[in-house]
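Read through the structure below, which is laid out as C-alpha coordinates, and then see the notes.
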Amino acid sequence: MAHTLPNLGYNHDALEPHIDAQTMEIHHSKHHNTYVVKLNEAIAGTELEGKSLLELVEGLGSLPADKQGPVRNHGGGHFNHSLFWETLTPGGASQPSGDLLAAIESSFGSFDEFKNAFANAAATRFGSGWAWLVVKQDGTVAVTSTANQDTPLMGEAIGAEKATAILGIDVWEHAYYLNYQNRRPDYINAFWSVVNWDVVADKFAAAK
Ligand code: MN
(Lines give C-alpha, C1' and ligand atoms only; values in the text may rest on other atoms or scores of the structure.)
Protein backbone atom coordinates (compact mmCIF):
# COMPACT_ATOMS: atom_id res chain seq x y z
CA MET A 1 0.00 0.00 0.00
CA ALA A 2 1.44 3.33 -1.02
CA HIS A 3 2.21 5.87 1.65
CA THR A 4 0.29 9.14 1.44
CA LEU A 5 0.78 12.72 2.60
CA PRO A 6 -1.43 13.35 5.66
CA ASN A 7 -3.59 16.45 5.85
CA LEU A 8 -2.40 19.21 8.16
CA GLY A 9 -5.68 19.50 10.06
CA TYR A 10 -5.44 23.31 9.98
CA ASN A 11 -4.83 25.99 7.36
CA HIS A 12 -1.37 27.03 6.21
CA ASP A 13 -1.77 30.40 7.93
CA ALA A 14 -3.17 28.98 11.19
CA LEU A 15 0.14 29.13 13.04
CA GLU A 16 1.00 32.72 12.14
CA PRO A 17 2.81 34.77 13.27
CA HIS A 18 4.88 32.00 14.85
CA ILE A 19 5.21 29.90 11.69
CA ASP A 20 4.29 31.71 8.48
CA ALA A 21 1.86 30.43 5.85
CA GLN A 22 4.38 30.21 3.01
CA THR A 23 6.76 28.13 5.09
CA MET A 24 3.94 25.81 6.11
CA GLU A 25 2.73 25.39 2.53
CA ILE A 26 6.17 24.65 1.09
CA HIS A 27 7.20 22.51 4.04
CA HIS A 28 4.09 20.32 3.89
CA SER A 29 3.23 20.18 0.19
CA LYS A 30 6.81 20.13 -1.16
CA HIS A 31 9.30 18.91 1.43
CA HIS A 32 7.13 16.38 3.24
CA ASN A 33 5.51 15.25 0.02
CA THR A 34 8.91 14.56 -1.52
CA TYR A 35 9.75 12.22 1.37
CA VAL A 36 6.50 10.35 0.73
CA VAL A 37 7.10 10.10 -3.03
CA LYS A 38 10.71 8.94 -2.62
CA LEU A 39 9.77 6.41 0.06
CA ASN A 40 7.18 4.92 -2.28
CA GLU A 41 9.71 4.83 -5.12
CA ALA A 42 12.28 3.09 -2.93
CA ILE A 43 10.00 0.26 -1.86
CA ALA A 44 7.96 -0.16 -5.06
CA GLY A 45 7.79 -3.78 -6.19
CA THR A 46 9.40 -5.14 -3.01
CA GLU A 47 8.02 -6.95 0.02
CA LEU A 48 8.47 -3.69 1.95
CA GLU A 49 5.31 -2.41 0.27
CA GLY A 50 3.38 -4.56 2.74
CA LYS A 51 4.87 -2.92 5.82
CA SER A 52 3.44 0.03 7.69
CA LEU A 53 5.50 3.20 8.14
CA LEU A 54 5.98 2.32 11.80
CA GLU A 55 7.23 -1.17 10.90
CA LEU A 56 9.70 0.26 8.39
CA VAL A 57 11.10 2.84 10.81
CA GLU A 58 11.21 0.59 13.86
CA GLY A 59 12.67 -2.30 11.89
CA LEU A 60 15.18 -0.25 9.92
CA GLY A 61 18.15 -2.38 10.98
CA SER A 62 16.61 -5.59 9.64
CA LEU A 63 15.63 -4.26 6.20
CA PRO A 64 17.58 -5.30 3.09
CA ALA A 65 20.88 -3.39 3.05
CA ASP A 66 20.09 -1.50 -0.14
CA LYS A 67 16.81 -0.23 1.31
CA GLN A 68 18.10 0.99 4.66
CA GLY A 69 19.45 4.28 3.32
CA PRO A 70 16.29 5.32 1.44
CA VAL A 71 13.98 4.22 4.29
CA ARG A 72 16.16 5.97 6.87
CA ASN A 73 16.01 9.25 4.92
CA HIS A 74 12.59 9.24 3.31
CA GLY A 75 10.73 6.96 5.71
CA GLY A 76 12.21 8.92 8.58
CA GLY A 77 11.25 12.17 6.88
CA HIS A 78 7.68 11.00 6.38
CA PHE A 79 7.45 9.73 9.96
CA ASN A 80 8.98 12.82 11.59
CA HIS A 81 6.90 15.33 9.64
CA SER A 82 3.67 13.41 10.24
CA LEU A 83 4.34 13.67 13.99
CA PHE A 84 5.36 17.32 13.71
CA TRP A 85 2.12 18.51 12.06
CA GLU A 86 0.04 16.54 14.51
CA THR A 87 1.62 18.15 17.56
CA LEU A 88 1.15 21.72 16.36
CA THR A 89 -1.98 23.82 16.78
CA PRO A 90 -2.98 27.45 16.84
CA GLY A 91 -3.59 28.73 20.35
CA GLY A 92 -2.26 25.70 22.21
CA ALA A 93 -1.89 25.56 25.98
CA SER A 94 1.33 27.04 27.37
CA GLN A 95 2.23 23.81 29.13
CA PRO A 96 0.99 20.26 29.69
CA SER A 97 -0.87 19.06 32.76
CA GLY A 98 -1.56 15.77 34.54
CA ASP A 99 0.66 12.73 34.08
CA LEU A 100 2.79 14.29 31.34
CA LEU A 101 3.61 17.36 33.42
CA ALA A 102 4.45 15.10 36.36
CA ALA A 103 6.77 12.99 34.19
CA ILE A 104 8.51 16.10 32.84
CA GLU A 105 8.96 17.53 36.33
CA SER A 106 10.28 14.18 37.54
CA SER A 107 12.94 14.03 34.80
CA PHE A 108 13.90 17.70 34.54
CA GLY A 109 12.96 19.27 37.88
CA SER A 110 10.53 21.74 36.33
CA PHE A 111 8.74 22.51 33.07
CA ASP A 112 11.07 25.50 32.50
CA GLU A 113 14.12 23.27 32.90
CA PHE A 114 12.66 20.91 30.30
CA LYS A 115 12.11 23.84 27.91
CA ASN A 116 15.73 24.90 28.39
CA ALA A 117 17.01 21.40 27.67
CA PHE A 118 14.80 20.99 24.59
CA ALA A 119 15.66 24.46 23.23
CA ASN A 120 19.35 23.81 23.81
CA ALA A 121 19.19 20.48 21.96
CA ALA A 122 17.41 22.22 19.07
CA ALA A 123 19.78 25.17 18.96
CA THR A 124 22.95 23.08 19.11
CA ARG A 125 21.97 20.42 16.55
CA PHE A 126 24.64 21.16 13.95
CA GLY A 127 23.28 21.31 10.42
CA SER A 128 19.92 19.64 9.83
CA GLY A 129 17.93 17.52 12.22
CA TRP A 130 15.45 17.43 15.06
CA ALA A 131 15.21 17.82 18.82
CA TRP A 132 12.79 15.55 20.66
CA LEU A 133 10.90 14.90 23.82
CA VAL A 134 10.93 11.12 24.01
CA VAL A 135 9.56 8.35 26.18
CA LYS A 136 12.38 5.92 26.95
CA GLN A 137 12.05 2.14 27.30
CA ASP A 138 11.72 2.54 31.09
CA GLY A 139 8.77 4.90 30.69
CA THR A 140 10.59 8.08 31.72
CA VAL A 141 10.84 11.12 29.47
CA ALA A 142 14.05 12.66 28.11
CA VAL A 143 15.30 15.16 25.55
CA THR A 144 17.30 13.87 22.59
CA SER A 145 18.38 15.08 19.18
CA THR A 146 18.87 13.34 15.85
CA ALA A 147 20.59 14.30 12.61
CA ASN A 148 18.90 14.62 9.24
CA GLN A 149 15.68 12.54 9.21
CA ASP A 150 16.74 9.98 11.79
CA THR A 151 14.08 9.33 14.41
CA PRO A 152 14.51 7.92 17.94
CA LEU A 153 12.45 4.82 17.18
CA MET A 154 15.22 3.66 14.79
CA GLY A 155 17.30 2.92 17.88
CA GLU A 156 20.39 0.81 17.33
CA ALA A 157 20.24 1.25 13.56
CA ILE A 158 21.21 4.92 14.09
CA GLY A 159 23.44 4.26 17.09
CA ALA A 160 20.86 5.58 19.54
CA GLU A 161 18.89 4.31 22.49
CA LYS A 162 15.49 3.35 21.14
CA ALA A 163 12.76 5.69 22.34
CA THR A 164 9.37 6.98 21.24
CA ALA A 165 9.22 10.65 20.22
CA ILE A 166 6.10 12.44 21.46
CA LEU A 167 7.13 15.99 20.50
CA GLY A 168 9.72 17.20 18.03
CA ILE A 169 10.96 20.40 16.48
CA ASP A 170 12.27 20.40 12.93
CA VAL A 171 15.44 22.50 12.80
CA TRP A 172 16.19 22.01 9.12
CA GLU A 173 16.52 25.49 7.59
CA HIS A 174 13.50 24.75 5.37
CA ALA A 175 11.41 24.81 8.57
CA TYR A 176 12.17 28.43 9.44
CA TYR A 177 14.45 30.23 6.97
CA LEU A 178 11.83 32.26 5.08
CA ASN A 179 10.68 34.01 8.25
CA TYR A 180 13.61 33.70 10.64
CA GLN A 181 16.65 33.45 8.30
CA ASN A 182 19.61 32.51 10.51
CA ARG A 183 17.76 33.19 13.77
CA ARG A 184 17.07 29.60 14.74
CA PRO A 185 16.69 30.49 18.45
CA ASP A 186 13.82 32.87 17.63
CA TYR A 187 12.04 30.08 15.75
CA ILE A 188 12.57 27.70 18.67
CA ASN A 189 11.16 30.28 21.05
CA ALA A 190 8.10 30.81 18.84
CA PHE A 191 7.52 27.05 18.63
CA TRP A 192 6.29 26.98 22.25
CA SER A 193 3.27 29.09 21.23
CA VAL A 194 1.96 26.43 18.84
CA VAL A 195 2.49 23.12 20.64
CA ASN A 196 -0.60 20.95 20.98
CA TRP A 197 -0.02 19.59 24.49
CA ASP A 198 -3.26 17.59 24.38
CA VAL A 199 -1.89 15.52 21.50
CA VAL A 200 1.52 15.20 23.16
CA ALA A 201 -0.20 13.96 26.35
CA ASP A 202 -2.11 11.34 24.35
CA LYS A 203 1.14 10.17 22.78
CA PHE A 204 2.77 10.01 26.20
CA ALA A 205 -0.08 7.87 27.55
CA ALA A 206 0.18 5.52 24.58
CA ALA A 207 3.97 5.18 24.79
CA LYS A 208 4.70 4.70 28.47
MN1 MN B 1 11.09 19.53 7.56
Side-chain angles (χ1 to χ4, degrees), residues 2-43 53-54 56-58 60 69-90 92 118-134 143-154 157-158 160 163-196 199-200 203:
H3 298 274
T4 56
L5 182 69
N7 290 325
L8 279 180
Y10 40 78
N11 294 328
H12 291 135
D13 63 0
L15 306 180
E16 289 201 345
H18 311 290
I19 304 177
D20 65 283
Q22 191 184 13
T23 295
M24 288 298 293
E25 181 175 6
I26 295 171
H27 199 174
H28 178 250
S29 70
K30 306 294 186 194
H31 290 280
H32 186 172
N33 192 57
T34 297
Y35 295 121
V36 174
V37 168
K38 291 194 170 177
L39 174 63
N40 285 328
E41 284 175 2
I43 63 177
L53 180 59
L54 181 64
L56 289 172
V57 166
E58 207 168 9
L60 179 66
V71 170
R72 182 173 180 172
N73 291 332
H74 307 303
H78 180 25
F79 189 82
N80 290 340
H81 286 86
S82 297
L83 172 68
F84 188 54
W85 311 131
E86 217 187 323
T87 54
L88 300 179
T89 187
F118 185 92
N120 186 56
T124 58
R125 163 50 57 193
F126 184 75
S128 297
W130 295 74
W132 306 102
L133 172 63
V134 301
V143 163
T144 65
S145 171
T146 55
N148 303 314
Q149 294 300 347
D150 288 355
T151 201
L153 215 48
M154 291 172 176
I158 59 165
T164 301
I166 58 173
L167 176 68
I169 182 169
D170 185 345
V171 295
W172 285 58
E173 283 190 344
H174 69 223
Y176 63 88
Y177 204 85
L178 288 177
N179 194 35
Y180 293 97
Q181 293 83 47
N182 62 318
R183 292 173 284 117
R184 189 193 284 188
D186 290 353
Y187 159 69
I188 296 166
N189 196 43
F191 170 78
W192 298 117
S193 298
V194 293
V195 174
N196 190 336
V199 169
V200 181
K203 292 186 177 298

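For the single chain, residues carry numbers from 1 onward in sequence order. Counting starts at 1 for both ligands and their atoms, in listed order.
For Val171 against Arg125, the heavy-atom pair with the smallest separation is CG2-CG, 3.8 Å.
Atoms of the protein (N, O or S only) found under 2.8 Å from the Mn ion (ligand 1) are His27 NE2, His81 NE2, Asp170 OD2, His174 NE2.
In the model, Gln149 has no side-chain atom that pairs as donor or acceptor with a side-chain atom of Asn73 under 3.5 Å. Neither side chain, Thr87 nor Asn196, offers a donor N or O lying under 3.5 Å from an acceptor on the other. With no hydrogens or angles considered, no side-chain donor-acceptor pair links Ser145 and Trp130 at under 3.5 Å. Side-chain atoms of His81 and His28 include no donor-acceptor pair closer than 3.5 Å.
Screening His78, His27, His74 for a ring pair (Phe, Tyr, Trp, His ring centres under 6.0 Å) with His32, the sole residue that qualifies is His78.
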